[in-house]
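Structure record follows, encoded as structure tokens.
Naming: A, B, ... by sequence-line order, numbering from 1 per chain.
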2 protein chains.
Amino acid sequence: MAIKNKTRYAILGVISMKPCSGYDIKKFCDKTISHFWNENFGHIYPVLSQLEKEGLINLSDSSEGCKRKIYEITDKGRKEFCEWLMQPFEPQPPRSELLLKLSFGNYIPKENVIEMMKEVKKIHESKLKEYKQMEESFLNDENAKKHPQYAYWLAPLRYGIVASEAALKWCEETIENIIRHE
Amino acid sequence: MAIKNKTRYAILGVISMKPCSGYDIKKFCDKTISHFWNENFGHIYPVLSQLEKEGLINLSDSSEGCKRKIYEITDKGRKEFCEWLMQPFEPQPPRSELLLKLSFGNYIPKENVIEMMKEVKKIHESKLKEYKQMEESFLNDENAKKHPQYAYWLAPLRYGIVASEAALKWCEETIENIIRHE
DNA sequence: ATGCTCATGTAATGAGTTACATGATTCA
DNA sequence: TGAATCATGTAACTCATTACATGAGCAT
């Protein structure tokens with residue numbers, strides 16, 4: 001059976017970049033990878049304890065006597081993290097509430113569906129704008145370019161951009177189709 | 001607090017089209033909406049019992065004395081289903097294992113990441129092919145065109161197509177970027 | 001002194017998956 | 001007669017979310 005707890009890998013990944021606390025991890029997720037990954041405290045803290053118990057992370061020396069609990073990754077932890085990275089990608093079972101709703105659109109007035117689709121379009125527009133701004137500042141950052149993670153950070157951002165553009169196009173097309181179909 | 005159990009709406013939707021059994025619902029999901037929605041028996045049956053208890057579905061007369069339990073939607077059920085349909089779309093918290101993995105690609109050999117991306121590309125290629133075939137047979141089906149659900153069934157399919165095309169493009173671009181970045 | 005952010009955690013709950021159990025029917 | 005499919009369900013488990021509780025430190 002495939003391991004399903006992805007939170008542990010997200011945490012290992014964040015800690016592997018820089019020793020940090022549970023609070024830091026949450027902040028990092030919210031600020032940096034929020035457009036493709038989310039975590040919440042209620043899950044982070046128990047998983048942190050478990051990872052420590054398994055010896056994949058350690059309380060760092062710097063956090064002794066201090067209130068904040070700073071964790072660092074161990075060799076064992078780095079090994080397990082890399083093993084996960086090397087495992088082939090397995091598609092996740094899809095669940096799109098939007099597409100589910102949409103496919104039963106004939107049960108409610110056309111206007112409501114169109115309104116919903118316009119809302120969806122707006123969401124993608126604002127996301128696209130945000131991603132493009134991020135991309136611009138990223139491409140102009142000479143320091144970032146030298147970072148070994150550069151191409152791997154650009155990729156999710158680029159995904160956000162092309163996916164949003166496609167979704168936008170699809171929204172327009174779908175609204176047209178719904179209007180046209182009597 | 002928002003209701004989170006989406007399975008109940010998927011079930012109500014399927015039953016609202018045509019009275020059917022839990023087994024039928026599973027078959028329908030696998031065959032017809034599998035590219036954007038999945039269900040499994042272990043969840044369908046308990047939710048069916050619950051929906052019946054709440055009076056949103058009924059055992060149909062035709063299933064009396066029969067082994068198969070055919071359910072039909074009640075007025076109350078149809079009302080609740082439509083209420084859900086009318087509620088504005090709320091974006092789901094994102095969790096892309098692929099993008100998470102990819103963003104830590106610098107921890108493993110480049111070749112592995114590229115191999116993974118090529119696999120992902122293959123997956124999208126075969127999906128795109130499948131969707132296009134479905135689209136073709138759908139567009140050539142004169143009966144389908146007259147169905148009130150027509151535009152709403154075409155939409156998820158079109159989404160699959162544009163999303164796959166975008167993802168494909170992104171795969172190629174990303175592979176290039178990873179190769180180029182020393 | 002009031003409110004905000006920092007910071008860590010626990011408990012309850014819910015959603016969904018997987019594995020297991022059972023028996024009927026159909027078809028080769 | 002044996003395998004595959006039809007058909008319904010339960011139990012155990014895991015993952016994740018939400019709500020709750022608590023307290024420190026800092027600014028106004």
Could you tell me whether a side-chain N or O of B:W170 sits under 3.5 Å from a main-chain N or O of A:A155, the two making a donor and an acceptor?
->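 Yes, the answer is positive, given that a donor and an acceptor are paired below the 3.5 Å cut-off.
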Under 3.5 Å donor-acceptor, A:K127 side chain and A:I161 backbone =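 Flag not set: sc A:K127 to bb A:I161 has no pair under 3.5 Å.
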Base, sugar-phosphate, or nothing: which does B:R95 touch, judged by heavy atoms less than 4.0 Å apart?
->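 Sugar-phosphate only.
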Over how many whole Å does the gap from A:W37 atom CH2 to D:dC15 atom P extend?
->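 Interatomic distance, CH2 of A:W37 to P of D:dC15: 12 Å.
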Please give, in whole Å, the distance from D:dT14 P to A:K6 NZ?
->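 After rounding, the reported distance stands at 15 Å.
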Using a cut-off of strictly less than 4.0 Å, decide whether [X] has a side-chain nitrogen or oxygen near OP1 or OP2 of [N].
X	N	result
A:N38	D:dA16	no
A:T7	D:dC15	no
A:K4	D:dC13	no
A:S49	C:dG9	no

What residue pairs, at least two apart or across chains, pass salt bridge (Lys or Arg N to Asp or Glu O under 4.0 Å) with a residue in residues 25-49 of chain A?
->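 Every pair satisfying salt bridge (Lys or Arg N to Asp or Glu O under 4.0 Å) with a residue in residues 25-49 of chain A: A:K26-A:D30, A:E39-B:R95.
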Say whether [X] and [Y], considering side chains only, have a donor N or O and an acceptor N or O under 3.5 Å apart.
X	Y	result
B:H43	B:T7	yes
A:T174	A:N177	no
B:S60	B:Y71	no
B:E83	B:Q87	no

Quick one: on DNA chain D, does A:F41 or A:N5 contact a more 5' nucleotide (nearest heavy atom)?
->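 Nearest nucleotide further toward 5': that of A:N5.
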Which listed nucleotide ([options]) is nearest to the side chain of [X]?
X	options	result
B:Y45	D:dA7, C:dA7, D:dT17	D:dA7
B:R68	C:dG9, C:dT10, D:dT8	D:dT8
B:K69	C:dG16, D:dT8, D:dT18	D:dT8

Shorter than 3.5 Å, N or O on both sides, protein versus nucleotides 20-23 of chain D: list them out with atom names.
none

Can you list, by residue number, the residues of residues 15-29 of chain A that have a non-hydrogen atom closer than 4.0 angstrom to DNA chain C?
->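 When residues 15-29 of chain A is checked for heavy atoms under 4.0 Å from DNA chain C, the hits, listed by number, are A:S21, A:G22, A:Y23.
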Give a yes or no on whether a salt bridge exists between B:K122 and B:E119, defined as a side-chain N under 4.0 angstrom from a carboxylate O.
->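 B:E119 and B:K122: salt-bridged.
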Neighbour count >12 (heavy atoms, 6.0 Å) for atom NZ, B:K6 =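 More than 12 heavy atoms, drawn from other residues, nucleotides or ligands, come within 6.0 Å of this atom.
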